[in-house]
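Order of appearance sets the numbers: ligands from 1, and atoms from 1 within every ligand.
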Amino acid sequence: MTKPTRNDDQPVWGFSTLSVHAGEARQKPAYAITDPILCAATFTFENTDAVIEFLEKKIPRGEYARYGTPAEATVEKKLAALEGGQEAVLYSSGMAAIVGLLLAKLNSGDEVVFFDECYHRSREFCVRHLSRFGVVTHQVPACDYDAMERAINPRTRLLISESPTNPHLSVVDLERFAAIGRKHGIETLIDATLATPYNVRPLEYGVDYVLHSATKYLGGHNDLLAGVIVGSSEKLAPVRKLRGLLGSISSAHTVYLLERGLKTFALRMERHNANGQAVAEFLASHPRIERVYYPGLPSHPYHEVARRTMRGFGGLVTFLVKDADWRETARIVDRVTIPRIAPSLGGVESLIEQPLVMSYYECSPEDRKRFGIPDNMIRLSCGVENAEDLIADLQQALA
Ligand SMILES: *Cc1c(COP(=O)(O)O)cnc(C)c1O
């Protein structure tokens with residue numbers, strides 16, 4: 001297996017050191033310890049020769065902010081270092097990153113195959129919109145590698161999966177997934193938003209592109225939207241070029257917040273992992289709970305793969321309430337006092353939701369059944385509060 005090339009100028013540090021220092025200049029403007037929030041839409045040239053020098057790539061510098069800014073380059077370097085990849089391309093949201101990659105890589109007549117447990121908006125973009133440009137999407141059951149291979153034909157260009165999947169937390173055997181791609185000469189993409197590079201680094205298994213909604217754990221504070229794709233510079237060159245046309249870029253303020261949030265990334269992940277595990281174990285032992293989906297539990301169907309490939313299992317815990325209809329399930333959601341009812345996950349504040357209501361309200365019962373969303377399902381994103389408090393809160397909500 002080929003290991004990814006690290007950023008050449010990046011020493012091999014531990015995760016917390018990378019979170020704090022990677023990508024940043026040692027000496028910054030005005031001797032400040034932080035990078036500035038640089039609000040510039042354009043960058044000036046001293047004279048015509050300076051423009052030409054820039055165009056001939058003799059000096060690295062900014063031109064027009066849609067093509068990139070120095071602050072964005074810093075945070076991209078930090079993200080690439082955390083993921084162990086050569087380069088990162090930052091987007092204005094996770095969806096913008098997915099759309100940006102698909103549009104850069106696919107032509108009319110091409111086909112993509114993806115595991116069907118996935119963020120419903122990614123599925124919607126492929127099925128509703130890529131189809132309008134003549135791209136064919138095949139969905140196969142999550143972690144069914146034989147079905148994925150059967151769906152491949154000479155027009156297949158990209159294999160896509162999340163890992164772990166949302167909200168079922170199925171864990172993909174990345175080595176196997178990447179091997180299918182290599183065998184057929186097809187590129188592979190993992191949306192590792194739920195795992196984060198702290199828990200697994202898909203590039204190390206030979207996956208071509210890793211994608212994150214940085215809105216979640218990477219930003220970590222429920223205060224920004226961003227997305228990122230990490231991979232080799234060569235493969236990402238056309239992706240970055242297209243982003244410059246699409247304009248799906250982040251504001252200076254967002255870039256600052258993301259760099260700031262990433263400083264505590266490794267610390268936060270330790271707590272998210274610990275809280276997720278503790279809450280999952282509590283729920284698994286509770287008589288009112290029918291089933292818990294959490295890769296850190298031995299009862300989880302993908303526990304072995306998860307243990308082999310992941311450092312921790314994250315903060316997201318999905319569970320089913322025994323003998324509860326949708327109303328009784330909603331009452332439990334309404335009774336918790338610490339987690340807030342909201343979509344999203346991965347921030348310092350715990351968030352709780354009933355997928356039936358929050359994300360699948362407009363779906364027919366047949367579609368919900370097909371997507372595996374029962375009425376009595378609750379999804380809890382454990383924040384960084386104290387596990388005892390979260391558990392006591394769930395205890396009273398379930399009483
Ligand atoms: C939230 C999410 C996205 C979309 O990201 P946004 O930043 O909300 O656009 C994509 N994939 C997964 C797994 C997500 O959780």
Side-chain angles (χ1 to χ4, degrees), residues 75 79 83 88-103 112 114-130 139 142-143 158 160-172 174 177 189-200 202 207 209-230 243 246-251 254-255 257-258 261-262 269 272 276 293 295 310 313-318 342-347 349-353 355 358-360 371-373 379-383:
V75 96
L79 289 165
E83 197 61 76
V89 184
L90 190 69
Y91 284 85
S92 51
S93 71
M95 275 314 296
I98 294 168
V99 170
L101 182 81
L102 295 175
L103 290 183
V112 299
F114 68 97
F115 284 149
D116 64 356
E117 282 173 14
C118 71
Y119 185 60
H120 61 293
R121 300 300 181 196
S122 308
R123 170 172 35 225
E124 184 178 336
F125 179 72
C126 289
V127 172
R128 291 249 173 90
H129 299 283
L130 276 182
Q139 301 179 53
C143 303
L158 199 58
I160 307 175
S161 184
E162 283 171 30
S163 187
T165 64
N166 176 15
H168 301 91
L169 287 308
S170 301
V171 179
V172 171
L174 296 173
F177 177 74
L189 161 68
I190 289 287
D191 177 342
T193 298
L194 267 58
T196 82
Y198 186 82
N199 285 333
V200 71
V207 168
Y209 307 99
V210 186
L211 187 143
H212 296 281
S213 165
T215 313
K216 315 295 168 54
Y217 291 107
L218 295 172
H221 293 74
N222 290 321
D223 59 1
L224 65 87
L225 283 157
V228 65
I229 306 168
V230 189
R243 190 201 61 170
L246 294 174
S248 36
I249 45 127
S250 303
S251 73
T254 295
V255 170
L257 285 177
L258 180 54
L262 282 168
M269 287 315 296
H272 284 298
Y293 301 78
M310 299 177 76
F313 311 106
L316 201 71
V317 183
T318 303
S344 200
L345 60 104
E349 296 96 354
S350 290
L351 300 179
I352 193 164
E353 60 151 292
M358 192 63 82
S359 304
Y360 294 88
F371 300 144
I373 308 294
R379 194 189 82 169
L380 172 63
S381 170
C382 298

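- Atoms OG and CG, on Ser92 and Leu224 in that order, are 11.5 Å from each other to the nearest 0.5 Å.
- By the criterion of a heavy-atom distance under 4.0 Å, neither the backbone nor the side chain of Arg121 is placed next to ligand 1.
- Any N or O atom pair closer than 3.5 Å counts here, and Thr215 shares at least one such pair with ligand 1.
- Under the 4.5 Å side-chain criterion, counting only non-hydrogen atoms from C-beta, Tyr119 is not in contact with Thr165.
- Residue Ala96 places no heavy atom under 4.0 Å from ligand 1.
- Looking at ligand 1, you'll find an N or O of Met95 within less than 3.5 Å of one of its N or O atoms.
- Taking distance alone, with nitrogen or oxygen atoms compared against 3.5 Å, Glu162 stays at or beyond that limit from ligand 1.
- Of the listed options Leu211, Asp191, Ile98, Asp191 places a heavy atom closest to atom 11 (N) of ligand 1.
- Annotation: atom 4 (C) of ligand 1 to nearest protein heavy atom, Tyr119 CE2, 3.5 Å.
- Aromatic rings from His120 and Tyr360 are positioned such that their centres are separated by under 6.0 Å.
- For the residue pair Glu83 / His212, a side-chain donor-acceptor distance below 3.5 Å is found, with atom types taken as modelled.
- Atoms CG and CG, on Leu102 and Leu189 in that order, are 7.0 Å from each other to the nearest 0.5 Å.
- For a threshold of 3.5 Å applied to N or O pairs, the pair formed by Lys216 and ligand 1 contains at least one separation below that value.
- Nearest to atom 8 (O) of ligand 1 by heavy-atom distance, out of Ser213, Ala214, Pro164, Pro343, is Ser213.
- How far NE2 of His272 is from OG of Ser381: 7.0 Å, rounded to the nearest 0.5 Å.
- To the nearest 0.5 angstrom, Asp191 atom CG is 8.5 Å from Ser161 atom OG.
- Heavy atoms of Cys118 found under 4.0 angstrom from ligand 1: none, in either backbone or side chain.
- At under 3.5 Å, a nitrogen or oxygen of Gly94, whether backbone or side chain, sits near a nitrogen or oxygen of ligand 1.
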Arg379 vs Leu316, side-chain contact (heavy atoms from CB on, under 4.5 Å): CA-CA, chis, key distance, verdict: CA-CA 7 Å; Arg379 194 189 82 169; Leu316 201 71; 3.9 Å; yes

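- Remark: ligand 1 atoms within the under-4.0 Å shell around heavy atoms of Ala226 are 7 (O).
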